[in-house]
Asks: 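So that we are looking at the same thing, I have put the structure below in structure tokens.
Residues: numbered from 1 along the sequence shown.
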Amino acid sequence: VKIGALLPITGVSSSLGESEVAAIKIAARDINEHLFKTHSNIGIELIIEDTQTNPSVSLEKLKHLAAKGIKIVIGPATSEDLKTTQDYADKNGIVLISPSSTAHSLAIKGNNVFRFVPDDTHQAQAISKLMWNDGIRVVIPFWRTDVYGNDLVTATKHSLQDLGGRVADGVGYIPNTGDFAASLNRINFIVWDQDLKALDSKVNQAISQYGIDKVGVYSVGFDEIAPIFIQAQNHPTLSKVKWFGSDKETLNNKLIRNTDAAAFAVKTNFTTPIYAVENDNDERLKHIEDQIHEQIERTPRSYASVAYDTLWVAALAENDTKATQDINYLKSAIVKIADSYKGITGNTSLNQFGDRKYGDYDFWAVRNSESTHDSFIWKRVGKYIPN
């Protein structure tokens with residue numbers, strides 16, 4: 001049985017896609033071993049397509065997979081790519097299972113989309129509580145103006161207001177596609193200069209009104225965070241306040257490998273949330289994460305482990321339904337298996353919208369490495385557990 005995957009192997013979210021591809025390849029091997037041992041009459045073959053973190057490319061690649069008769073696709077990984085492909089999937093009897101799309105507005109009841117992570121109202125609550133506990137009362141957002149960025153900033157605004165704080169008018173930027181948008185080429189830094197100058201002005205204004213300890217910057221982006229931080233150091237006010245980030249910036253490797261970007265992150269105590277697996281001491285989880293780490297040569301985001309579980313549920317659904325062509329039967333099987341499956345990331349139960357029901361969040365921050373003075377690491381610094 002062919003199962004497709006739409007993941008960003010290149011483009012501005014390639015660090016996410018690279019780890020998810022590694023995870024599902026490991027999963028495919030483990031699944032086929034399981035199916036063989038249990039004398040199943042099916043095996044699975046993965047057909048992986050690179051979305052290039054580009055919505056129009058994602059749609060074209062989905063059509064390629066549809067032409068091969070594929071009924072289940074892992075992905076797309078990003079919310080903007082999912083937004084562009086979901087209608088085609090609904091109309092052509094294809095199930096999309098995303099391991100990392102989180103935009104709240106894509107939580108739609110009854111469509112052909114499942115997401116094995118909670119929507120961003122949960123992440124918004126986590127980061128708002130952290131900001132509030134850090135004494136931040138006014139936040140200036142700096143965000144990519146796609147469905148992911150817009151939804152997350154809006155959700156965070158509501159969450160912080162509920163606590164008594166406020167999100168002021170910030171600076172939204174048009175997200176670029178292609179690898180260059182996240183490159184550390186010096187020419188790329190200039191791209192961010194005008195937006196950062198506008199942000200600097202807004203932060204300065206907020207400081208004069210509320211005081212420096214009560215003002216923070218909230219960044220919502222992808223891999224472009226590294227060149228943004230390199231350029232941000234040239235705007236003095238931006239390094240005077242705390243910075244907070246989002247899940248897609250967490251564990252960004254370019255950020256800690258560039259001295260200028262990392263130094264800015266340390267100076268501003270840059271802290272980011274990301275979906276936390278249920279039991280991070282699980283031996284199976286450690287075993288899979290070690291294999292992913294070996295392939296990508298860095299610590300993977302939790303979404304890679306989610307992708308591993310996602311393919312397992314998809315394959316078990318194909319096995320249980322004998323690779324049915326009945327899309328509603330297949331969807332029912334996915335829901336049933338997800339509700340009872342205990343994966344390496346824990347409970348995969350879905351809510352009425354087909355999104356993961358439950359989720360804690362880990363907080364990560366950039367810190368100086370203890371081994372050498374001029375090297376940096378990502379360090380887990382806390383956890384948010386909702387009531």
Side-chain angles (χ1 to χ4, degrees), residues 1-7 9 17-49 65 68-75 77 93-100 112 114-117 275 277-296 300-350 354 356-358:
V1 177
K2 290 183 173 68
I3 295 179
L6 289 173
L7 299 171
I9 301 168
E18 182 187 28
S19 62
E20 291 178 345
V21 167
I24 62 172
K25 285 181 176 179
I26 295 165
R29 178 203 66 200
D30 294 348
I31 290 162
N32 280 326
E33 284 180 9
H34 166 78
L35 293 171
F36 178 76
K37 286 177 183 175
T38 55
H39 307 293
S40 171
N41 64 345
I42 74 163
I44 64 161
E45 178 189 350
L46 268 179
I47 309 292
I48 301 171
E49 295 282 2
L65 294 175
K68 299 177 187 291
I70 288 170
K71 290 299 175 187
I72 298 182
V73 173
I74 308 303
I94 300 168
V95 175
L96 302 177
I97 314 180
S98 177
S100 48
N112 287 1
F114 298 98
R115 300 189 296 179
F116 276 42
V117 283
Y275 168 75
V277 298
E278 192 172 290
N279 182 5
D280 53 15
N281 293 316
D282 188 287
E283 285 302 319
R284 292 183 307 151
L285 173 68
K286 285 183 176 179
H287 180 62
I288 299 303
E289 283 189 338
D290 286 347
Q291 292 179 65
I292 298 169
H293 190 288
E294 191 177 329
Q295 287 195 32
I296 66 174
R301 292 185 180 110
S302 56
Y303 297 135
S305 299
V306 174
Y308 179 89
D309 279 347
T310 300
L311 186 62
W312 263 98
V313 172
L316 292 173
E318 288 280 27
N319 188 45
D320 278 12
T321 61
K322 304 292 187 286
T324 182
Q325 295 297 302
D326 183 336
I327 199 68
N328 290 320
Y329 183 35
L330 186 56
K331 285 166 62 179
S332 296
I334 290 169
V335 171
K336 184 179 177 183
I337 291 167
D339 284 350
S340 60
Y341 180 73
K342 184 73 174 176
I344 61 170
T345 58
N347 185 344
T348 56
S349 296
L350 304 174
R356 199 173 192 131
K357 270 186 189 175
Y358 309 108

Asks: Under the side-chain contact (heavy atoms from CB on, under 4.5 Å) rule, what do Tyr308 and Thr345 come out as? Steps first, then yes or no, please.
Replies: CA-CA 9 Å; Tyr308 179 89; Thr345 58; over 6 Å; no
Asks: The test is side-chain contact (heavy atoms from CB on, under 4.5 Å); show your working for Asn112 and Ile94 and say whether it passes.
Replies: CA-CA 7 Å; Asn112 287 1; Ile94 300 168; 5.7 Å; no
Asks: When His287 is tested against each of Gln291, Glu289, Arg284 for side chain to side chain donor-acceptor pair (under 3.5 Å), which residue passes?
Replies: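 Single side chain to side chain donor-acceptor pair (under 3.5 Å) partner of His287 among Gln291, Glu289, Arg284: Gln291.
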Asks: Going from CD1 on Ile296 to OG on Ser19, what distance comes out if it is rounded to the nearest 0.5 angstrom?
Replies: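 Between Ile296 CD1 and Ser19 OG, I get 5.0 Å after rounding to 0.5 Å.
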Asks: Quick check: closest heavy atoms across Ala338 and Thr348, and the distance to 0.1 Å?
Replies: O-OG1, 2.7 Å
Asks: Using the rule given for side-chain contact (heavy atoms from CB on, under 4.5 Å), can you reason through Val73 versus Val95, listing the C-alpha separation, both sets of side-chain angles and the distance that settles it, and then say yes or no?
Replies: CA-CA 6 Å; Val73 173; Val95 175; over 6 Å; no
Asks: What do you reckon, is NZ of Lys25 surrounded by more than 12 foreign heavy atoms closer than 6.0 Å?
Replies: no
Asks: So how far is it from Arg29 CZ to Leu46 CG, rounded to the nearest 0.5 Å?
Replies: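 If I round to the nearest 0.5 Å, the distance is 12.5 Å.
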Asks: Less than 4.5 Å apart, any side-chain heavy atom of Ser349 and any of Arg356?
Replies: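 Result no, sub-4.5 Å side-chain heavy-atom pair not found.
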Asks: If I take atom NZ from residue Lys322 and atom OH from residue Tyr329, how far apart are they, to the nearest 0.5 angstrom?
Replies: 7.5 Å
Asks: Would you say Ser340's side chain and Lys336's backbone share a donor-acceptor pair under 3.5 angstrom?
Replies: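 Between the backbone of Lys336 and the side chain of Ser340 there is a qualifying donor-acceptor contact (under 3.5 Å).
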Asks: CG of Asp30 to CD1 of Ile288: how many Å apart, nearest 0.5 Å?
Replies: 5.0 Å
Asks: Which heavy atom of Val306 sits nearest to which heavy atom of Phe116, and what is that distance?
Replies: CG1-O, 3.5 Å
Asks: Kindly give the heavy-atom pair with the smallest separation between Thr321 and Ala317, and that separation in Å.
Replies: OG1-O, 2.8 Å
Asks: Check whether any side-chain heavy atom of Ile337 sits under 4.5 Å from a side-chain heavy atom of Trp312, and report yes or no.
Replies: no
Asks: For Asn32 and Ala28, indicate whether the former's side chain and the latter's backbone hold a donor-acceptor pair under 3.5 Å.
Replies: yes
Asks: Side-chain contact, heavy-atom cut-off 4.5 Å: Ile9 with Ile48?
Replies: yes
Asks: Is there side-chain contact between Leu6 and Leu65, with at least one heavy-atom pair below 4.5 Å?
Replies: yes
Asks: How close do Ile72 and Ile97 get, heavy atom to heavy atom, and via which atoms?
Replies: CG2-CD1, 3.9 Å
Asks: So, do Lys357 and Leu350 sit near enough that their side-chain heavy atoms are less than 4.5 Å apart?
Replies: no
Asks: Which atom pair, heavy atoms only, marks the closest approach of Ile74 to Ala314?
Replies: CD1-CB, 4.1 Å
Asks: Could you check if a side-chain atom of Ile44 sits within less than 4.5 angstrom of a side-chain atom of Leu311, using non-hydrogen atoms only?
Replies: yes
Asks: Lys342 and Glu278: salt bridge (charged side-chain N to carboxylate O under 4.0 Å, His left out), yes or no, with the steps?
Replies: CA-CA 10 Å; Lys342 184 73 174 176; Glu278 192 172 290; 2.6 Å; yes
Asks: So, taking the atom named CD1 in Ile26 and the one named CD in Glu294, what distance separates them when rounded to the nearest 0.5 Å?
Replies: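 Interatomic distance, Ile26 CD1 to Glu294 CD, rounded to 0.5 Å: 8.5 Å.
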Asks: How long is the straight-line distance from CG of Asp339 back to CG of Asn347, given to the nearest 0.5 Å?
Replies: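 The CG atom of Asp339 is 8.0 Å from CG of Asn347, to the nearest 0.5 Å.
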Asks: Run the side-chain contact (heavy atoms from CB on, under 4.5 Å) check on Leu96 and Phe114 step by step: do they pass?
Replies: CA-CA 6 Å; Leu96 302 177; Phe114 298 98; over 6 Å; no
Asks: Give the minimum heavy-atom separation between Ile3 and Glu318, together with the two atoms involved.
Replies: CD1-CG, 4.3 Å
Asks: So, do Asp282 and Lys286 sit near enough that their side-chain heavy atoms are less than 4.5 Å apart?
Replies: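 A side-chain contact under 4.5 Å is absent here.
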Asks: Is any side-chain heavy atom of Thr310 closer than 4.5 Å to one of Ile24?
Replies: no
